[in-house]
Amino acid sequence: MLTNKRGRDVLNDPEINKGTAFTDEERSALALHGLLPPTVETIDEQVARQRHKYDQLHDSLERHIRLRALQDTNEVLFYRFLCAHLTEMLPVVYTPTVGLACQQFSSIYRRPHGVFLSYPQRGNLRAAFDCVPTDTDVIVVTDGQRILGLGDQGAGGMGIPIGKLSLYTAAGGIDPKRTLPVTLDVGTDNAELLDDPLYVGWRHERITGDDYDAFVEEFVTTIMERFPGVLLQWEDFASTNAAPLLDRYRDRLPSFNDDIQGTAAVGLATMEAAVAAAGGSLADQRICLVGAGSAGTGIAAMAVEALRAAGVDDPVSRVMLIDRDGLLHDRRTDLTGHQRPLAQAWDRVAGWADAEGGTGLAQVVANAAPTVLIGVSGQGGLFAEPVVRDLASRVERPIIMPLSNPTSKAEATPADLLAWTDGRALVATGSPFDPIALDGRTVHISQANNVYVFPGVGLGAVISKASKVTDAMLVAAAEAVAEPGAGGTVDPDRGLLPPVGEVADVSRRVAARVAATARDEGVGLPLDDDAIAAAIDDYWWTPTYPTITPA
């Protein structure tokens, strides 16, 4: 690798800094003698030092800050360390710790990372990208309005794109130099942030309506001109904007919304793995989803398509979607355009109502006897014991997936779900939980984390040069994740999904399936399967130090 930099400028560039791993020859050529201690270390020796420092920290937020500081000073070492301990580091670099980091973003802010596009910059967004290399392949963007289950975090939402792109690299093999986190800072309605003297974002109420749409349009137009073919992932937008933005732009450039489509794909994959583990058939499932926002409607829509593909004549009747006002049905006048196709026929469900006319979770469980219960409500503890026991009384192996995160927002804990179902439930969660000791068994709880899906989707779209990310590509991703569960080969006590430590292998499998689907749909390069596998190998970035040579 060539560089024009010398001395401290080399050490201050995280993309080329190697710290104590610079050789004597590199130190002489780059004017580094005297700026580094004399010992020349291997990267593995550096990882061991980082491990020692990491183990001395006291809590997850400290560890998150430490990892981010390492990323900001030496990218290769950061990714080598992250990949070496991915199972342990995933909840620190991303959920649930990233939520706290977003809340504390202004107070822990150290060095710039990514691009902040503030609303006052409108009309000149191109200037913000002038210092960004033109070979960017993947952008993750947020407006910070719905960060995990924590709500509006304003500019602090930048922690999400940074964290997501770290996983694109660690789990999906995408060179970090080819990724770019972006925050659309359109203000915040979080009064605490507006009153916080340390807040680093634009101090203004959120811009909405036509002004908001015009700002997003300028952003998309700018990146399409600046980075032709770039993959754009929408992240943590409020439900009022998430689906409309996806619909508006999904055919203009390769883009997807991870909260809607990534969550749907990993939810479907986990459900299919659980069904296979129980020895059942997807066509026989009745699914109850609590939470009808972006994630809930995304999972419901993908489940409907999967049931239709499995031969179910009326798949919508098998997928019951519940929001705070109860079951979605066609007599309700408050449903959005994405909710209406998922509404139940009132004539079929009218008899489910309680004495007050309500059709909430308890009534749906009692009348529909669902085999699968999924929570994306953001309401901790929502799956109460009476409802879970009623559900379990109607099905031998209930599949229960409290997917809300962070951990405090989980609809139920795995320990409670197993206790209330006499150990019969097949459980996956949205946040990490420790294994459960139960009647001589140790039950490992899979985290239905989108990391199983989005890195592979991104990699597959990039290497196939896909012009769009289609629904079929996302379904193919789900099938690839669920593949180990085919034929009932999953041991549910060991987890419904592959171990997180194997996620890079899962990403390769997902990428291959996504690229092949893009090819078959005519939206990607006409590569045969062998060429796709070779393209993945050629593109895959690994955290090893290059030789740095003066330009």
Is Glu479 close to Val475 at the side-chain level, that is, under 4.5 Å between some pair of heavy atoms?
-> yes
Can you find a heavy atom in the side chain of Leu232 that is under 4.5 Å from one in the side chain of Phe219?
-> yes
Does Arg6 use its side chain to pair, donor to acceptor, with the backbone of Thr3 at less than 3.5 Å?
-> yes
Indicate the atoms forming the closest heavy-atom contact of Leu426 with Ala274, along with that distance.
-> CD1-O, 3.5 Å
Hey, is the main chain of Leu2 close enough, under 3.5 Å, to the side chain of Thr549 for a donor-acceptor pair?
-> no
From Ile260 CD1 over to Met302 CE, what is the distance, rounded to the nearest 0.5 angstrom?
-> 10.5 Å
Would you mind checking if Asp72 and Arg110 are paired as a salt bridge, meaning a charged N to carboxylate O distance below 4.0 Å?
-> no
Salt-bridge criterion met for Arg509 and Glu502 (N-O under 4.0 Å) | no
What is the minimum heavy-atom distance between Ala273 and Ala482, and which atoms define it?
-> N-CB, 4.4 Å
Partner residues of Asp528 under the salt bridge (charged side-chain N to carboxylate O under 4.0 Å, His left out) criterion, sequence neighbours left out | none
Arg508/Asp537 ion pair, N-O < 4.0 Å | yes
Any idea how Trp234 and Phe237 line up, ring-wise: parallel (<30°), tilted (30 to 60°), or perpendicular (>60°)?
-> perpendicular
List the steps, then state whether side chain to side chain contact (heavy atoms under 4.5 Å, CB included) holds for Ile299 with Thr263.
-> CA-CA 7 Å; Ile299 296 172; Thr263 299; 3.8 Å; yes
Shortest non-hydrogen contact from Val10 toward Ile16 | O-CG1, 3.8 Å
Quick one: does His64's side chain have a donor or acceptor within less than 3.5 Å of a partner on Val92's backbone?
-> yes
For Gln233 and Glu235 the tightest heavy-atom approach is NE2-OE1, 2.6 Å
Where the side chain of Ser464 meets the backbone of Ala515, is there a donor-acceptor pair that is under 3.5 Å apart?
-> no
Heavy-atom distance under 4.5 Å between the side chains of Asp471 and Glu305, does that happen here?
-> no
Short question: side chain of Gln447, backbone of Gly430 - any donor-acceptor pair under 3.5 Å?
-> yes
Would you indicate whether the side-chain heavy atoms of Val503 and Tyr452 approach each other to under 4.5 Å?
-> yes
Got a donor-acceptor contact below 3.5 angstrom from the Thr470 side chain to the Met473 backbone?
-> yes
Distance in Å, Leu184 CG paired with Thr142 OG1, rounded so as to fall on 0.5 Å steps | 7.5 Å
Taking C-beta and beyond as the side chain, do Phe454 and Lys164 meet within less than 4.5 Å on heavy atoms?
-> yes
Step by step, work out the side-chain hydrogen bond (donor to acceptor under 3.5 Å, both in side chains) result for Arg68 and Gln71.
-> CA-CA 5 Å; Arg68 286 285 162 251; Gln71 183 180 22; 2.4 Å; yes
Gap between atom CD1 of Ile139 and atom CG of Leu165 - 0.5 Å precision | 9.0 Å
Can you measure from CD1 (Ile548) to NZ (Lys18) and round to the nearest 0.5 angstrom?
-> 5.5 Å
Would you indicate whether Arg111, at its atom CZ, is surrounded by more than 12 heavy atoms from other residues, nucleotides or ligands within a distance under 6.0 Å?
-> yes
For Glu88 and Tyr54, run side chain to side chain contact (heavy atoms under 4.5 Å, CB included): C-alpha distance rounded to whole Å, both residues' side-chain angles, the deciding distance at 0.1 Å, then the answer.
-> CA-CA 12 Å; Glu88 181 183 356; Tyr54 184 90; 3.9 Å; yes
What are the two closest non-hydrogen atoms of Gly19 and Asn74, and how far apart are they?
-> N-ND2, 4.2 Å
Kindly give the heavy-atom pair with the smallest separation between Ser507 and Ala171, and that separation in Å.
-> OG-O, 2.7 Å
Salt bridge (Lys or Arg N to Asp or Glu O under 4.0 Å) between Asp44 and Arg80, worked out | CA-CA 8 Å; Asp44 290 332; Arg80 185 66 163 249; 3.3 Å; yes
ring-ring contact (aromatic ring centres under 6.0 Å, His included) filter on Phe227, not counting sequence neighbours, yields Phe129
Side chain to side chain contact (heavy atoms under 4.5 Å, CB included) between Thr73 and Phe78: does it pass, once the steps are laid out?
-> CA-CA 9 Å; Thr73 55; Phe78 164 75; over 6 Å; no
In Å, rounded to the nearest 0.5 Å, how long is the span from OG of Ser60 to CD1 of Ile65?
-> 11.0 Å
So, does Arg519 use its side chain to make a donor-acceptor pair with the main chain of Leu527 at under 3.5 Å?
-> yes
May I ask you to check whether over 12 heavy atoms, not counting those of Arg494, lie within 6.0 Å of atom CZ?
-> no
Do Tyr545 and Glu26 have side-chain N/O donor and acceptor atoms under 3.5 Å apart?
-> no
Count the heavy atoms belonging to other residues, nucleotides or ligands that lie under 6.0 Å from CG of Asp538, then report whether that count exceeds 12.
-> yes
Are the side chains of Val469 and Arg250 in touch, meaning some heavy atoms are under 4.5 Å apart?
-> no
Is there a donor-acceptor pair under 3.5 Å between the side chain of Thr221 and the backbone N or O of Glu218?
-> no
Side chains of Thr20 and Thr39 in contact at under 4.5 Å (non-hydrogen atoms) | no
Return yes if a side-chain donor-acceptor contact under 3.5 Å exists between Asp143 and Tyr212, otherwise no.
-> yes
Quickly, which of Thr136, Thr169, Asp137 forms a side chain to side chain donor-acceptor pair (under 3.5 Å) with Arg178? Name it, please.
-> Asp137
Any Ile160 side-chain heavy atom under 4.5 Å of Val98 side chain = yes
Approximate separation, where rounding is to 0.5 Å, of Asn450 CG and Asp258 CG = 4.0 Å
Would you sort out whether Val506 and Leu497 count as a side chain to side chain contact (heavy atoms under 4.5 Å, CB included), showing the intermediate values?
-> CA-CA 10 Å; Val506 175; Leu497 297 174; over 6 Å; no
For the side chain of Thr97 and the backbone of Val93, is there at least one donor-acceptor N/O pair under 3.5 Å apart?
-> no
Check: Ser431 main-chain N/O paired with Thr95 side-chain donor or acceptor under 3.5 Å = no
